[in-house]
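To start, the structure itself, in C-alpha cells.
A, B, ... follow the sequence lines: proteins, then strands. Residue 1 opens every chain.
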Amino acid sequence: MLKGVITVMLQPNVLDVQGQAVQGALKHLGFESVEKVRIGRQIEMILPTEDREAARLQLREMAEQLLANPVIEDFQIDIQEA
Amino acid sequence: MLKGVITVMLQPNVLDVQGQAVQGALKHLGFESVEKVRIGRQIEMILPTEDREAARLQLREMAEQLLANPVIEDFQIDIQEA
Amino acid sequence: MHCAVLVFPGSNCDVDLYKAILQIKGATAEYVWHTDTDLDRFDVLLIPGGFTYGDYLRPGALAGVSPVIASVKKAANSGKLVLGICNGFQILIEAGLLPGALLPNQSLQFICDVVPVKVVQSKSPFTSSYNHGDLLRLPIAHGSGNYYCDEVTHQELESNGQIAFSFPPENNPNGSLAGITGLLNEQRNVLGMMPHPERAVKQWLGSTDGLRLFQSMLEHHTA
Amino acid sequence: MPQEPSPQQIAEQTIYREMGLNPDEYNRIVELLGRQPNYTETGIFAVMWSEHCSYKNSKPLLKLFPTEGPQVLQGPGEGAGIVDIGDGWAVVFKVESHNHPTAVEPYQGAATGVGGILRDIFSMGARPIALMNSLRFGTLDKAHNRYLLSHAVSGIAAYGNCIGVPTVGGEVFLETCYDENPLVNVFCLGIVKHDQIQHGKASGLGNPVLYLGNATGRDGIHGATFASEELSEGSASKRPAVQVGDPFAGKRLLEACLEIYQTGAVVSVQDMGAAGLTCSSTEMGFKGQTGIDLNLDKVPKRAESMTAYEIMLSESQERMLFVIEKGRESEVQKICDKWELPNAIVGEVTNNQHLSLFQDGQQVANLPLDACCELTPVYQREAHPPEKETLPKSSSPEKEPKNYLEVLKQLLVHPNISDKSWVYQQYDSMVGTRTAQGPGGDAAVIILEECQKALAISMDGNSRYVVLDPYLGGLITVAEAARNVVCAGARPLALTDGLNYGSPEKPEIFWQMQESVRGMAEACEFLSLPVTGGNVSLYNESRGEAIYPTPIIGMVGLIENLNHITPSNFQSLGDQIWLLGETFAELGGSCYQEISSGRIFGNAPKLELDREKNLQEAVLVAIESGLVSSAHDLSLGGLAVALVKASTESFTASVSFESALRADEFLFSESQSRILLSIPNQFSALLQSIMSERKIPSLLIGEVVSDQFRISFNDELLIQDQIQSLKACWRDGFRDYFTKT
Ligand SMILES: Nc1ncnc2c1ncn2[C@@H]1O[C@H](COP(=O)(O)OP(=O)(O)O)[C@@H](O)[C@H]1O
Ligand SMILES: [Mg+2]
C-alpha cells in the first residue's frame, strides 16, 4: 500500500487573497518578517498498490481531472510508504 | 532566506467531510481503489533568516497561535532553502 | 420552452428557479436528478445555485465531473441554451464550458446583499430584453464569486462581447476582475452569472429585474 | 485497548462521578435496576439524567409556562412545538443553545448548533424555511472575543448557507460577562401540512429500527454531560468532545427524510442530537410505551473497534433514527441510497419496556425505559435574592450632557446598537425566495405562498434588565419580542424560549431563574401566548462568575393579509411621525447609562401588561386599517436612536417634544411599551381615535423629511445633523472592530 500526497498551490501570478490575509494576521501577531505567504491544499490518500509508477500515473490523472484547477493552480505529487 | 511549509491536517479521529466527498467523486471518476482521502491545508512562506532552528521555532508558534486549530487539527513543519 | 432544472446533491436554489420559470407564460419546467443523463426533451438547461457536494474541494468542482455534465456539454455544443446561476456558474466554469475561475471573495467572507449590476451585453438570448448599460438591482449570495482570468482571456472576452454583466467599479462587492459577474461563451448560448435573477421576480422580494432575463430566453425560443 | 471498569469498580471508585452523576443519583440507579449498572449503562444514565436531557433543575420552573391554546397542535415534549396557522398548515419552531461547544471551538460549535436545530424541525415532518440566531459574546475590544464571535458567525453561515435555509434575523449583544462563556442560541422554523406531522413514538411489535445518516465516530462523547457542566480550565482536556458539522450530509439527510415521510411508511422518527443513539432510542421506546432492541454490530461506524459505550454516547452529527413499517424496508432504504447516505436496520421494536443492546451476540445493556426517561431526579433548588448593593438614588447621570449630538453619535457607534450587517451579510437571508423582510428590521417576515399568509419572527432578550430585576426582565423579554412582531404587522401566535443561566446550585442564580421565568410566564399568560418548547442551558459560568441571566425568546406571529406587512423604516416624505406610549425617566440598565456612567445599575424600566397589550392591539388595528407606513419598536438607546434607525439615507425625521423630564432622560430612556409610527397626514384623526379608545398616550412629534435629522426639545434645537453622517456612525460602529483591527 502506498500513500499518495498531492499538493495543490495557486499559480504564482494568481492573487492569493487568503495568503495575504494570513500574512497580515501573522504580522499583527508579531511575526513581522514573514513574506510571500501562500495557501494551498494537500490531499492525501491510500492506494492499494506497490507499484510506484502506476500510482504516480493515477495521481497525476486525479489531479488533472479533479483535484487541481489548471486555470489557476499547479500541483505536485509525492508518494510514500503507507 | 528559508522557505517554511506548514501542513495542517485534521486529527485522524475527526470527521473529514471534504475528504469523504472527494473520495466519492474520485470513485465515480473510475479511481475505485482509492481509500482514506483526507484534505488539509498547506501554508508556505518565506522567512528572511538562515537559522533553521529559529525558523522552526517561529513556524511552530505561528501554527499554534493561528495556522492550525489545536482542537481538531495537527500540523507538521518543513523547512527548505528558498 | 421546456426547461430542465438540474438538481445535484446540495443544490438549494432549484425550487426558487423552478418557481421563477413558472412565472413566465409559455415556459414549463421539470427537475432533473443529476444521474439522469437524457436531456433531449428539453429546450433549455438551467443549473441552479446552492452548494453542490458541499462546495468541498472547490465550489462546483465535484458537480463539474458528474455524469450529467457530459450531456450538458453536448447540449451546449448543439446550440441549446444553458444558464448557470451562482453555484451553477461555478459548475459551468469547472466543467470548462466557460473560461476563467471563480476565486474566494476578496473579503474572504460570504456576501448576501442586493446590489447594482450593469448589463454589458444585451445582444444575447439571455439579455435581449435589457438595454446595454441598464443598471439592475439583483441579489447576490456567494462565498466564491471573485472572477479571475488571465490578461489574454480577458482581451478575448472583451473583443468577443462575452461579458454579459458586471458590477460597477465603485461597487464591486467581491473583487472580480473588471467587475465581471456574468459571462457568455463565444456562441452566446451559455451564460453563467453570480447574481440571482430568480430571486428578483416579485415586488415583495425587493426587485423584479430578474424576470426579463427569463423573458428574453422565452422570446429567443419562440422566435 | 484498556478494559472497561466493572460494575463494582464503577461503584467503589465512584467512576460515575466523572460521567456527571452524583452518589445519590448513582444509588438511585442501583435501586431502580436492582443491581449495579455496567459501564455502558452508567454512561446512558449519566446522559439521560443530565440537565440537558432530563431538565432536572428546571422542570419545576418550566411548569409555570402556559403551553396550551386552541392554536397549539404540539406543545413541549417532542423535537419541537407545532402551531396551527389555518388552511391545513402548521408551523414548527424551537430554540436550541450551543454555548459550551462554541466556547471550545466556535466555528464547529456554532455550526453544529444550527445543524441540530434543523434536525429538530425536520424530525417533526416539517420543511425548515427560516433560521435566526441570538449571540452573546464578550466585548469586542478583546481579540479573543472577536475571534470567538467571527468564527461562530462563520460557522452559522457555513451551515445555514450550505443547507439552503435562509437566516433571516437574530440579535447580537456584547457584554463582559460573556467573555469566557459566549451564548449561541439558534432558532429554526419549518412548515408542515397537518397530515404530514411526524412524531417520536415507537410502536408496532417487530417493526424495524432504521439508522440513517453519517457513520458513527468517537465524536462528542460526553457532549450532553459536558453541556451541563461549568466551563473550567479542565474543559480544554475534554476537547475530543468537539463534533464536526457536515452541512452537505445535513442537506441530503433533510431531503431524504422529507422524501421518506412521503412514503407513509414511517411509524416514528427522532433525530440523534445530544446523547445520540441513547436519547433517540430510549425516548422513542418510552413515548411509545414499547421497547427497543438494538444490534450495535449493525450501526454504521467510522472508527474501528468502538465500544458499546462509545457507540451509544457518540454525538456524531447528521443522523436520524426511524421506526418503519415492517416489510417496507427496501422501499425506504432505496431513498436513503439515492441520497448516498449510510443506512442500516439496527434493531426492532419490542414490548418489554426496555432498551436492550446487543454486541457480538451478547446483551451488553438492558435498561428499563422509565428509569431512563421518567424516573429522573428532580431538584427543587434553593433560591434567594443576592444582597442589595447601596446605589445612587437616581439612575440618571448627575449632569445633563452638553453636546447631545455627540451623545447620540456615541450611542450609534456602540456595538450593541450599531448596524449588525457585518454579521448578517454573511448569511444567505434570501434562499427559498420567501423573505419579504430579512435582517435589518424589527422582525423578519416570511411569505407562505402555499396559504397566502406571512409570518413575522423575532428573537429577543435583554439580560441587563433581567440582572437588575429578574421578574421585570422576564416580563419585558416576552413583551418586547411580541412588540417586535406586532410592528411588522403580525398577531403574536406562540413562542419558544432559550433559558441561559449560571449554576442552579447557587441560590442567587436559581433565584434569577425562578423570578425571570415567573415574569415570562406571567407575560405569556396575560398576552395569551403559549410556550411550545425551548431549551435550558445552565452552568454558564467561568472562573466562578456567572453570566447575566439571559432568557431569549423566539416569537412567531401570523400575518393573515399580505397587505399588512409593515416595514420599520420611514417610507415617504411628509408622513407624520407619532410616538405611542409614555416616556419615563427610566435609565436603569440603558445604553445611555452605560456610556455615561461606565456601568449599569438601578431599576429596569417598568412594564404594565395591560398597557402593553392595549398598545399592541391598537397598533395592529391601525395597521390592519391601512393607516401605517412604518412601525418601529423603541428599544436600546431609546427614542433618539430609534429615530435614526427608522431613517434611511433619503428619509429622516424632524421632530420636537415638550416634556417635564430632562432632555437626556426623555431622549435616551428605555421605557417599555412604546412604538414609533409613521403615517400619511390624512390618517391622523383616525389614528388618534384608535389610540384614545384604548387609552394609549399618542403624540404627533414631527414629520418625515429628507436630509436633515432634527430634534427640538422644549423649543430648543438639541440635535441637528445630516442623516447620512448619523447613518454612517451607525453603520460602522460594529463593523470597524472587524475590518479595522
Ligand atoms: N446574529 C444575527 N443574525 C442575523 N441577523 C441579525 C443578527 N443580529 C442582528 N441581526 C439583525 O439586525 C437587525 C437589527 O437588530 P437590532 O440591533 O436588535 O435592532 P432592533 O432594535 O431594531 O431590532 C435585526 O433585523 C436583526 O434581525
Ligand atoms: Mg430587536
Side-chain angles (χ1 to χ4, degrees), chain B residues 4-48 54-78, chain D residues 100-109 111-112 115 143-144 147-148 151 154-155 158-159 162-163 213-221 235-253 300-306 310 314-319 339-342:
Chain B
V5 181
I6 301 176
T7 311
V8 181
M9 300 297 288
L10 281 174
Q11 290 165 9
N13 56 338
V14 175
L15 173 68
D16 183 352
V17 296
Q18 287 211 66
Q20 244 182 9
V22 169
Q23 180 165 322
L26 286 172
K27 287 190 193 276
H28 275 305
L29 283 174
F31 304 99
E32 268 140 37
S33 61
V34 164
E35 289 305 327
K36 303 211 179 149
V37 177
R38 306 206 43 98
I39 301 195
R41 270 192 315 283
Q42 172 148 326
I43 303 125
E44 299 181 356
M45 66 192 77
I46 298 296
L47 295 168
R56 183 172 300 275
L57 225 68
Q58 267 211 322
L59 289 166
R60 163 172 303 276
E61 275 182 51
M62 288 181 212
E64 281 169 357
Q65 286 181 39
L66 180 72
L67 302 176
N69 178 349
V71 179
I72 49 174
E73 295 170 331
D74 293 330
F75 63 88
Q76 267 196 342
I77 290 173
D78 187 32
Chain D
H100 293 111
T102 300
V104 175
E105 207 321 88
Y107 181 94
Q108 295 296 348
T112 51
H144 187 63
Y147 158 80
L148 287 174
H151 283 73
S154 312
Y159 207 106
C162 182
I163 202 166
N214 270 353
T216 298
R218 292 192 174 90
D219 315 327
I221 293 170
S235 306
S237 66
K238 285 198 181 171
R239 277 177 169 173
V242 174
Q243 319 124 12
V244 173
D246 182 358
F248 175 51
K251 170 69 173 167
R252 285 175 294 146
L253 188 62
K301 294 177 211 63
R302 202 175 80 234
E304 273 147 41
S305 56
M306 291 183 72
E310 289 172 330
S314 162
E315 293 193 354
S316 289
Q317 299 291 296
E318 283 77 56
R319 302 179 301 162
W339 291 99
E340 297 182 22
L341 288 165

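- Within the 4.5 angstrom heavy-atom criterion, no atom of B:Gln18 approaches chain D.
- Around the CD atom of B:Gln76, the shell of radius 6.0 Å holds no more than 12 heavy atoms that belong to other residues, nucleotides or ligands.
- Heavy atoms of B:Asp16 lying under 4.5 Å from chain D are absent altogether.
- At distances below 3.5 Å, at least one donor-acceptor pair connects side-chain atoms of D:Arg302 with backbone N or O atoms of B:Asn13.
- Atom CG in B:Leu15 sits 8.0 Å away from atom CD in D:Glu318 (nearest 0.5 Å).
- Heavy-atom pairs under 4.5 Å with chain D were tallied for B:Val14, B:Leu10, B:Val17; the largest tally goes to B:Val17.
- No side-chain heavy atom of B:Asn69 sits less than 4.5 Å from a side-chain heavy atom of D:Gln108.
- A distance of 4.5 Å separates NE2 in B:His28 from CD in D:Glu340, rounded to the nearest 0.5 Å.
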